[in-house]
Each structure stands twice: as structure tokens, then as C-alpha cells.
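Here the structure is laid out as C-alpha cells; the discussion comes afterwards.
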Amino acid sequence: MPALHAVQKELGHLDNECIKTLAKSFNISNAEVIDVITYYDDFRLEKEGQYIIKVCQAEACQSLGCRTLLDTLKSHFELDIGQTSNDHSVTLKEVFCLGNCALSPSVMINEDVIGRASSEKILAYLSEKQNISHND
Amino acid sequence: MTDQIKIYIPKETSACSVGSDLIAEKITDLTQGYNHISIVRNGSWGAFWLEPFVEIEKDGNRTGVSYLNKETSHLSSIEEFFDDFYNSQPFNIQDIAFIKRQTRLVFSRIGLYDPLDLNQYRNSHGYKGLEKSFEIGQQQTIDEIKKSGLNGRGGAAFPTAIKMQTVFDQESAIKYIACNADEGDGGTFSDRLIMECDPFSLIEGMTIAAYSVGANHGYIYLRSEYPLAKYFLTEAIKILKTKNLLGKNILGTNFTFDIELRIGAGSYVCGEETAMMESIEGKRGLVRSKPPLPAIKGLFNQPTLINNVITLASLSSILSFGTEIFSQYGSGKSIGTMPYQLCGNIKHGGLIEIPFGITLDEMIYDFGAGTFNDKPVHAVQIGGPLGIYLPANLLNTPLTVETLINLKGSLGHGGVIVFDDSTNMALQAKFAMDFCQKESCGKCTPCRIGSVRGVELIDKIYNKTAVNADRILLEELCETLETTSLCAMGGMTPNPVRSIIKYFPNEMMN
Ligand SMILES: Cc1cc2nc3c(=O)[nH]c(=O)nc-3n(C[C@H](O)[C@H](O)[C@H](O)COP(=O)(O)O)c2cc1C
Ligand code: SF4
Ligand code: FES
């Protein structure tokens, strides 16, 4: 698993090439590698967005409207859970608890957690990030 | 020389989730060239509604202000910042009731200083526990833990000393210790707080446990949703290696101990100890059947001590302060203090470490100041996704391991989630089944398939198309799950569902 995490961090996802290479270096079959990859939510076989938005759907966040928040984001991005936008800018996902349950609802964008989240807050965060990267 | 001034700005997930890093950036800019001012990125005090809570220490006085709704972008000099700060009624956080009423033993250091400042850790009793353990020896250490009455904080409340004794008693050249840092329960964050705000206490505790059972290699299995905890643990391990507190000949003894950090990949059931071992071994996280117990045949078939983060961190306090510090509180399976995590729809949510037995009323109103949106409390879920929901008329329930078992629930990892009266309880029951379906490891049919049926049945109730036979079917399904599941994922999923049927019957009728 450390190898899978490392490769995914470098390449963004785990394609056929990496699976073959990993299988070879661990001396196991391709199927065994795929078996492990597909068991875990974090590993992905396809390319994902530049911003991976994970909306917490666990109980503490439910108590402050995370279901509505997810619906709003779904219709804003016109994406369903697990889908990536055509331009590969965002992927929308659900997650179960980010450990930020006293400041619900919580959303994680890549490695940043946003507390007391609202769709406005999420969109403001994204547009700020995009501004910074455009200016670079 | 001008007196030194310290500005504390937390670097901790919850604080950062509401802008702590931005404030730190701003203040760093403003203090350029002021040598008598230093910025400390401390941990959080666990009073999250105050975050980002900025403190200034000056002339031996340390006071703070909540920057939650305060703008800092307009400030153009550090003097302006100080003016603004001191005009905002700063107070000493240790004087507020939320902190004062707690008994912080395991969490005694969070918020105080930079979590990676080893000198501060050692000056506040850090590594006294390990020194004591080396002094009294392996068996004596286990005896001390036994005397303290410590039970595991991961969910099952199993006596820690018994597990340690079993691993110690195994004749094996290789033994392992694995720290369960998967903290998957919705509504919990105590493990994260220890790892981010006092990582040395966890590692010291792990070292004590490893030494006493005779393990030389340890794993921390950390969930991937906690990148900041990963950062703190990685740095803490590096620092301790250079200071001879990890690695060979720790503190001049002949004891060698290394820790490897393993990151999970988004699977709840990998918090179950045997699934966790599979995952550490690089496989799919399928639950193994017990026996053999991990303590006899665990990781890579060797005796393995598996404990939760809080359990291990508690060892440092128990060894350094003496067993009475724990055993003086509580009875039965509820001895010592418990770090409850108050969250959800609550004004003052956060970490509450206090002797077992506090009632929900006290917690929600005395600590929590009521719901976040001022609506009436309707339900409280205790102990994570496998925990029961209690109605408002049972808020006088004291939170101990035993009371929750009597109510057919579990205190679990100590999460307490508050819901207001707009909550649809049928939807909560459906979520319990849905979560089981999503997170099931797939080994047992009732858990894998039954949960899908459960979702369908509750959907009918939710959509008001259920007939009586559906309700009977749902009860039978709960019965099957409870009696035929290999682990608590399937076995305890009925708990939240049944508690909703029992305490919120009107909401489960058409
Ligand atoms: C589905 C499931 C999930 C679990 N998740 C966790 C977890 O995230 N963290 C944890 O410490 N224990 C978890 N446990 C309990 C562990 O199996 C084990 O009892 C615990 O790590 C032992 O540590 P302790 O004795 O210190 O409590 C889980 C159990 C089950 C059945
Ligand atoms: S009860 Fe569910 S999670 Fe547990 S072993 Fe069976 S299938 Fe796996
Ligand atoms: S339940 Fe959403 S962050 Fe914990």
C-alpha cells in the first residue's frame, strides 16, 4: 500500500502501466494488484480533477445539513458523486468523517479542510485558488 | 532589551478549517523585523467554537481572543494588531468553564505549546513515564497498568493490561505493536487531537507498551483523511530518532524500538483490528475470524499488541503520574477519565475529558451551551455509526460503558452527536444500513446483502409505503445481522436502527 500511495501521489491515478510495473516488482499478478486497488476508496484507476472535493456525509455533518450541501454542489457542478468534470478541474466525492465534527459541515479540498462549510465558502475557496494559479 | 512577546496561533485541523493559517500568514508578515516577537504554532485547546483562537503571552500573562468573525486583512502594522487584540476583551482560556470543569490527564498538554517542541514536552513530565517503566521493568509496568484499571478506548473497552500480559507471555523472538489510528467513527476526533497536538505522548505510550510486551517494531495505522496528523507524526518520529528516544538503545538502555507509519485508504472496516492487520500487510481489508487472537498470532503471524491512540497515550500519564491518577475515578469498566467528543448541532463543541458518568444534559447544556441553531434537541447519537440514538427525554443518562450497554448500545470511542427537531429519524436509520452496505468487507452475507435489503425496507418506511410485514422483516433482518456477523460492523448496525424504532416509533410508522 505505501507503494500505491506513492505512485498515485506522483501520477494522480493508477493506470494499466503502473499496475503492471507494481505487479512485477512485488512478484504478484496484475489481478492481485487490482484487487487491492479496487477495495479501497482512495485508490483510483482513472484520472481525477485538479481539485478533489470531498463532502463529509457522516452523522455530525448530517446534523447541520451536509445532505443539502452535497445536493447543491452536485447541481452546481452538474456532477454526481464520484464524477469528474470534463475539463478535469473538479472531482466530487463523499467521505465519512474528517474529524472536524464540532465545526460541521466539513468539506475537504485536496488536503485542506473547510469547517462550517457552505456552497458559497467552497466556491470562494476554489476561485481564490484558481486566481493564484492563474497568476503564477 | 524589550520583553519577549509570544503570539500563539494554532496549527490544528479544526482551527485551520476556519482560517488559522491565514491569520498566521498575516501576523508573520506584520512581525517581520521585530526580534522580540515570536510566533508559536501551538495545538488547539479543543474548544473549537473559539477557533481560530489567538493568544498573546506578555509579562507572564497569556490571554486570547477568538478570531472566528474578526477581520485581519485591514491591519497594517503589528501595533494595530495588538490594539485590536487588547480591545477585544482577551481572556485566559484556562479560566473558562468549558476547560476548568474538565479533568485533563491524557490531554493535559494540548494547546499549550508547539506540539513538536520536545524540550517543552520533557519539561511537562514527558518521558517520565518511559523512565519509570525502564526502572521497574516489564512485568511491573503491566501490573501498574492493571492497577490503573485502564480499558481500551477504541470501542470495545477491553482491559488493556490483559492484552499486554498475553503478548508478554508469548515466547517469540519477534513481536509487534500496532496503534489503531483509523478513527473512522463519524463524530470523533480525540485521536486526531492527540496526534496533532501532543504526538510525543502517543509515541511515548507506544514505546512503553512495546517495551513491556517485548516488541521492537511498531506500526501506526493512520487514516488517510488526516493529512495534518500524518505531518505531525512523521516529524515527531524524525525528532525522536535524533534524540535517541526511538531507534537503538533508547535512553541508554538496550531496548530498541522503531515505528513505521502506515496510511489507510478510506475504508471504515479497516479500523477493526484484524482488517487493519490485513491492510498493514498490504492486502484487502477483510476481517479475519478470531481465534487466533492478534495477541497470539497477529501481524505476519507474530504476537501483536493492538491498541487505540488514546489507550496508548494514556500509558504515558499513568506511568508518570501514578496509577491512582486514573483509578481514583469511576468503577467497573468505566475507570479513569474519558475524552468525550461533543459535536454536531451544538454551540460549544469540542473535546471534553472528564471522569466517566457525566450526563448528556450536563454535557449538552453546561459544556455545549445548547444547539448551534437554538432549536430543541431531538436526538443524540452516542458512540459512532454503530451507536444508538437517544431521545430528548433520556438526556439524564450518565455516559458510562455500562449504562450504554444496558441501553443496548455502546459508548464506543466517546463521540456524542446532537440533532435538532428538524431531523428525520427514518433517514438516520436508513443511513445506518446504508453505511453498513458501503463499508462492509463483504465476508458475511447478512452484512453484505442484508444491509442492502435494510436500506430498501427503511426506504419504504421513509416513503410511507411500508406495510406491517416490512416492519417485521426489518426486525428479523436486525436479528440475523446481530447473530450471524463475524464482526461488529454487521453485528452492531442493528443498534442505531432498533434504537430509532424504540425511541422514535412515530417516525418509523407510515
Ligand atoms: C467496524 C469496526 C471499526 C473499528 N474502528 C476502530 C477505529 O477506528 N479505531 C480503533 O481504535 N478501534 C476501532 N475498532 C475496534 C478495534 O477492533 C479494536 O478493538 C481496538 O483497536 C483495540 O484497541 P483498544 O483495546 O485500545 O481499544 C473498530 C472495530 C470495528 C468492529
Ligand atoms: S460483519 Fe460485515 S464487515 Fe464484519 S466481517 Fe462480516 S462482512 Fe465483514
Ligand atoms: S462527521 Fe463530518 S467531519 Fe466528522
Side-chain angles (χ1 to χ4, degrees), chain A residues 1-6 8-9 14 22 26 28 32-44 52 54 56-68 81 93-117 121 124-125 128, chain B residues 13-14 16-18 21 46 48-49 51 183-189 191-193 223-229 262-268 270 279-280 282-286 341-346 348-351 372-373 381 384-385 415 417-420 423 427-428 431 435 438-439 441:
Chain A
M1 280 185 43
L4 291 176
H5 272 300
Q8 179 161 294
K9 195 161 184 193
L14 301 159
L22 282 164
F26 283 91
I28 51 179
E32 281 171 292
V33 178
I34 294 173
D35 226 27
V36 172
I37 294 174
T38 51
Y39 183 80
Y40 295 99
D41 288 351
D42 282 2
F43 297 132
R44 32 192 194 264
I52 299 174
K54 295 182 178 171
C56 177
Q57 294 295 298
E59 294 90 335
C61 291
Q62 290 166 7
S63 79
L64 285 170
C66 70
R67 293 182 178 110
T68 320
I81 296 169
K93 288 189 162 185
E94 61 179 359
V95 68
F96 296 98
C97 194
L98 296 164
N100 193 35
C101 334
L103 297 176
S104 298
S106 302
V107 171
M108 191 169 190
I109 303 184
N110 296 346
E111 296 210 331
D112 287 348
V113 177
I114 297 172
R116 297 277 185 242
K121 232 173 151 174
Y125 174 97
E128 185 156 322
Chain B
T13 297
S14 283
C16 293
S17 83
V18 285
D21 277 340
F48 293 128
W49 76 96
E51 298 293 0
E183 194 159 67
D185 289 4
T188 64
F189 43 78
D191 294 350
R192 179 181 66 67
L193 266 189
R223 68 199 299 252
S224 60
E225 291 83 355
Y226 284 178
L228 200 56
R262 281 300 171 92
I263 308 298
S267 153
Y268 176 74
C270 283
S279 187
I280 291 178
K283 303 180 208 148
R284 296 161 69 98
L286 302 185
Q341 299 124 86
L342 179 60
C343 58
N345 191 339
I346 191 85
H348 295 176
L351 181 100
F372 181 66
N373 57 9
Q381 189 185 25
I417 308 176
V418 180
F419 293 82
D420 72 20
T423 311
L427 204 56
Q428 297 310 115
F431 175 75
F435 189 70
K438 284 194 172 107
E439 300 297 334
C441 85

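The sequence lines fix the lettering, A, B, ..., with proteins before strands; numbering per chain opens at 1.
By number of non-hydrogen pairs under 4.5 angstrom with chain A, the leading residue of B/G186, B/S267, B/G344 is B/G344. When each of B/G282, B/S224, B/G285 is scored by its heavy-atom pairs under 4.5 Å with chain A, the top score falls to B/G285. Put simply, of A/G115, A/A117, A/P105, the one with the most heavy-atom pairs under 4.5 Å next to chain B is A/G115. Among A/V107, A/I114, A/I37, A/L4, the residue with the largest count of heavy-atom pairs under 4.5 Å with chain B is A/I114. Contacts with chain A were tallied for B/W49, B/F372, B/F48; B/F372 has the most, counting heavy-atom pairs under 4.5 Å. Note: A/A60 leads A/A58, A/A3, A/A60, A/S104 in heavy-atom pairs under 4.5 Å with chain B. Interface remark: of the candidates B/T423, B/I417, B/V18, B/I417 forms the most heavy-atom pairs closer than 4.5 Å to chain A. Counting heavy-atom pairs under 4.5 Å between each of B/G187, B/C441, B/G349, B/G184 and chain A puts B/G187 at the top.
The distance from atom CE of A/M108 to atom OH of B/Y226, rounded to the nearest 0.5 Å, is 10.0 Å. Note that CG of A/D41 is 6.0 Å distant from CD of B/E439, once rounded to the nearest 0.5 Å. In this structure, the separation between CG on A/L64 and CG on B/N373 is 6.5 Å, given to the nearest 0.5 Å. The SG atom of B/C16 lies 12.5 Å from the CD atom of A/E111; values are rounded to the nearest 0.5 Å.
Interface residue A/L103: only side-chain heavy atoms are found under 4.5 Å from chain B. Residue contact with chain A, scored on non-hydrogen atoms closer than 4.5 Å, involves the backbone of B/I346 exclusively. The part of B/C270 that comes within reach of chain A is its side chain, from C-beta onward, which places non-hydrogen atoms under 4.5 angstrom from that chain. Contact of A/D112 with chain B is not made at all, since no heavy-atom distance falls under 4.5 Å. Contact annotation for B/I280: neither backbone nor side-chain heavy atoms come within less than 4.5 Å of a heavy atom of chain A. Contacts between B/D185 and chain A at a heavy-atom distance below 4.5 Å involve the backbone alone (N, CA, C, O). With a 4.5 Å cut-off on non-hydrogen atoms, A/V36 touches chain B through its backbone and its side chain both. There is no contact between A/S106 and chain B, counting heavy-atom distances below 4.5 Å. In this structure, no portion of B/E183 lies under 4.5 Å from any heavy atom of chain A. Using a 4.5 Å cut-off between heavy atoms, A/E32 makes no contact with chain B at all. Residue A/Q8: no heavy atom, backbone or side chain, is found under 4.5 Å from chain B. For a residue to count as touching a neighbouring chain, one of its non-hydrogen atoms must lie under 4.5 Å from one of that chain's; by this rule B/T188 touches chain A with the backbone only. B/L286 touches chain A through backbone and side chain together, each having a heavy atom under 4.5 Å away. B/R192 touches chain A through its side chain: at least one heavy atom from C-beta onward sits under 4.5 Å away, while N, CA, C and O do not.
Taking each heavy atom of B/C343 and A/C101 in turn, the nearest pair found is CB-O, 3.1 Å. Heavy-atom minimum distance, B/G350 versus A/A102: N-CB, 3.9 Å. Scanning all heavy atoms of the two residues, the minimum distance from A/P2 to B/R262 falls at CG-NE, 3.6 Å. Taking every heavy atom of both residues into account, B/G384 and A/E59 meet most closely at C-OE2, 4.4 Å. When all heavy atoms of B/G264 and A/H5 are compared, the pair lying nearest together is O-NE2, 2.9 Å. Taking each heavy atom of A/G99 and B/F189 in turn, the nearest pair found is O-CB, 3.3 Å.
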So A/T38 and B/R284, side-chain contact (heavy atoms from CB on, under 4.5 Å) or not? Walk me through it. CA-CA 9 Å; A/T38 51; B/R284 296 161 69 98; 4.1 Å; yes
Kindly indicate, with the supporting measurements, whether the criterion ring pair (Phe, Tyr, Trp, His ring centres under 6.0 Å) is fulfilled by A/F96 and B/Y268. CA-CA 8 Å; A/F96 296 98; B/Y268 176 74; 9.1 Å; no
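Residues A/D35 and B/K283 fail the side-chain proximity criterion, which asks for heavy atoms closer than 4.5 Å. Put simply, the side chain of B/Q381 does not reach to within 4.5 Å of the side chain of A/S63, judged on heavy atoms. Side-chain contact between B/Q428 and A/Q62 is present, with heavy atoms from C-beta onward closer than 4.5 Å. The shortest distance between side-chain heavy atoms of B/F431 and A/R67 falls below 4.5 Å.
For the residue pair B/S279 / A/Y39, no side-chain donor-acceptor distance below 3.5 Å is found, with atom types taken as modelled.
The number of heavy atoms from other shown groups lying within 6.0 Å of CZ (B/F419) is above 12.
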